[in-house]
Every structure is written in C-alpha cells, then in structure tokens.
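As structure tokens, the structure follows; a few thoughts come after it.
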Amino acid sequence: MKWGSLLFGVLSFTLVFGTASKTMYGIEHGGNLLAYWHIALAWVAASALGTTFIGSVLYLRYRGRFWSRLAHSAGELGFLFATVTLVLGSAWGKVIWNSWWEWTDVRLVTFLIVWFIYAGYLVVSSSTDPETGDRYAAVYGVIGFVTVPISYASTRLWTPTFHETTIGNPQVSANIDPTTLLVTVVAATFLYVYLLGLRIQVHEVEDRIRGLDRSRR
C-alpha cells in the first residue's frame, strides 16, 4: 500500500500537470486541475464512510473489538477526506462558478450534511468509554451512512444548480480526462487503505496501553 500510494501518487501528479487540460466548462484556468483530486478524494471519502458502516454493522453483530477499530479508523479518515474534498471543491468552484459556495446546489448542501454527520460520529466515538460506548458509535455509524448515498444521488433526485450528473450522462460538459482521473482515484484509494492500516494499528496500541493501565490498578 505504501509503495502503491507513492507510485500512483507520482503518476497522478505527472498526468495532471503534464497532460490534463486546464479547460473545463469553457473556462481555461490552472485551478481546474483541482477537479481530479476533488473527485478522487470524494470517492475515497465515500468509501471510507462505507467502511465505517460495514465495521459498525459487524461490531453490532459480533461485538469484536477489531470491527470497532475498523469503523472508527475509517470514520476518522472519511471525515478528513471529506474536509479536503470540500476545501478543494470550494476552490474549484471559485474558478468555475465565481463563487466559493452556493447554498442552492443540492450536491454541495447534502455533502456538507454528510460532513456534519460524521463530525458528530467522531464526537460520539471520542466522548464515550471504549468499553461500553462502542455500541452507541456503531449505531450512529449505521444510521448516519444513509446520508452518503443520498448525497451521491442528489443530482438525480433534485435539479442541480451547478453539479451535473457525470456517470451515465453523455451530455456532461466537464472536460475531464478519464485516464488521469482513474489514476488519481487509484492513488487516493491506495493512500486510504495504507492510512487505514496505520490507524488501526494505533488503535490497537491504545487498547494495549489502556489494558496495562487497568492491570496496574
């Protein structure tokens, strides 16, 4: 995962700055290149929150401590990637729409709701005792995931102001190179899996430290 992240990360930067077009929606600007990482990180954020959902379901079913670590680790990374997605999207929006934020756009608003939901998940997870509070965080992780597919499908469920439906829409006007986007998504995915493994290991160490502390008492 580490070397995959490095390899595809370098390849992504090479393609974005070397071959990708700076013209999108009829506007030529270097800021349009942010779109590749904006889209890739949005995909990885959704995948991470999906992992939180799966880990929460498995924890509620089997009560294994590993599933709780998986759910929480993925939730932290999902929140991080969602935050960067919003920041990059806002900067790109300033280039394309001449506006940092538009409350009338359903994709923006629903994704912001996702961000707040998972900020709440982290608050619940960090404010409860790991021995007894994991169940509350797991229930929250299951229920909160409903907002993720709603945000994804928002441009189909409601009329979008700016965001177009990209998948299955031959009329999409964004000029995005599919090869560059695919490589960037793969790079972001490798990075996510690598960081997820590291974060789970950190949670394991934290659990061992808490166990040693209880044994000394």
Exercise: identify the closest heavy-atom pair between A91 and L34: CB-CD1, 3.8 Å
Qualifying residue, where the test is side chain to side chain contact (heavy atoms under 4.5 Å, CB included) with S151 and the options are L108, V109, V114, L112: V114
Listed once per pair and sorted, the salt bridge (Lys or Arg N to Asp or Glu O under 4.0 Å) pairs that draw on residues 70-85, sequence neighbours left out: E76-R199
Nearest heavy-atom neighbours spanning S56 and A137: OG-O, 4.4 Å
Polar side-chain atom of S99 near backbone of K94 as donor-acceptor pair, under 3.5 Å: no
Beyond-backbone contact of L191 with V44, side-chain heavy atoms, under 4.5 angstrom: no
Main-chain N/O of L70 paired to S73 side chain as donor or acceptor, under 3.5 Å: no
Check: W37/T184 side-chain N/O donor and acceptor closer than 3.5 Å: no
Test log, rule side-chain contact (heavy atoms from CB on, under 4.5 Å), inputs L196 and Y192: CA-CA 6 Å; L196 180 63; Y192 159 61; 3.6 Å; yes
Same cluster (ILVMFWY, side-chain, under 4.5 Å), I96 and V87: no
Face-on cation placement of R61 at Y59 ring, 6.0 Å and 45° thresholds: no
Residue among Y118, F81, F79, Y121 satisfying side chain to side chain contact (heavy atoms under 4.5 Å, CB included) with L49: Y118
Heavy-atom donor-acceptor pair, Y140 side chain to I117 backbone, under 3.5 Å: yes
Considering all heavy atoms, the nearest S5-Y194 contact: OG-CB, 4.0 Å
